[in-house]
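Following: one structure in structure tokens, then a few remarks.
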Amino acid sequence: KSLRKTGSSGARALAGYAPVRVETFKLFNPGGNYLNYLLPGIWAMILQQLLLAFGALALTSEKDEGTLGEAEAAAGSPAALLAGKVLPYAAFFTLIFAVFDLGLFPFFSIPRYGSAWLLFCLNALFIYAALGLGLFVGAVSREAMDAMKGVLLVGAPALLLSGYIWPVSYMPFLIRPAALCLPLTHYLEGLRRIYQYGAGPGDLAGSAGALFAMGTITFAAAYFLLKQ
């Protein structure tokens, strides 16, 4: 109004009020399709529960039957026993993840901008971390029922704490450490970086390192518990 009072036309007044034209565009998920985030997260959450359950039951089934000592003696060492229990599951879930990568994204028209090789490596680290956590739960459990309770205790909060519904950075400070103890948290972060952002190896160092550390720590803890 002030510019118009000076005799400027409407177009000139508008140009003087907003001399810089602002254009916005979305870098990631330009269509705003929530399915691109929803479906891979649900699939990963289901697979984490299965990995935890298989890892925990791999040891507690032997405890229920009273054959854990015999199995360890036949294997030769706790490390060999853990490897024999885990490797078949790791191979099976590697195939499951391959179906996930090759089938889910094209079938639901979900774009994937990152490298398939990086996604394969991230999947392997996720399997390693989740199976390790499952073995640790099985090692501290006396029987299969206790192990399944532990799996539910670990897996149930994952829906809220893994960053699937809202980012971990938005959570209360006291809750974040619990969120960072879940393999799913780091996997979802890396998964989004690969298939939505087209991230490279350097961008995945944090997620990959966290998954590797979690798997190594939990496998080591399960090993020492069996050794005792």
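Values in this document were obtained by computation on a predicted structure and should not be read as measured data.
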> Are any of the side-chain heavy atoms of L191 and L119 separated by less than 4.5 Å?
Replying inline: yes

> Has F136 got more than 12 heavy atoms of other residues, nucleotides or ligands less than 6.0 Å from its CZ?
Replying inline: no

>> Within the 3.5 Å criterion, strictly below it, is a donor on S162 or Y187 matched to an acceptor on the partner's side chain?
In response: no

> Of all heavy-atom pairs between T185 and L161, which one has the smallest distance, and what is that distance?
Replying inline: OG1-O, 3.7 Å

> Does the side chain to side chain donor-acceptor pair (under 3.5 Å) test come out yes or no for S207 and E189, once each step is laid out?
Replying inline: CA-CA 7 Å; S207 300; E189 176 65 24; 5.4 Å; no

>> Under a 3.5 Å distance rule, please check whether H186 uses its side chain to pair with a backbone N or O of L180 as donor and acceptor.
In response: yes

> So, do L52 and L131 sit near enough that their side-chain heavy atoms are less than 4.5 Å apart?
Replying inline: no

> According to the interplanar angle, ranging from 0 to 90°, do the rings of F93 and F54 count as parallel (below 30°), tilted (30 to 60°) or perpendicular (above 60°)?
Replying inline: perpendicular

>> So that I know where these two stand, are F120 and F97 an aromatic pair - ring centroids less than 6.0 Å apart?
In response: no

> So do Y113 and I194 actually touch side chain to side chain, heavy atoms under 4.5 Å?
Replying inline: no

>> Within the 4.5 Å heavy-atom criterion, are E70 and E62 side-chain neighbours or not?
In response: no

> Is it true that F219 and Y128 have ring centroids separated by less than 6.0 Å?
Replying inline: yes

> Would T60 and E143 count as having a side-chain donor-acceptor pair, cut-off 3.5 Å?
Replying inline: no

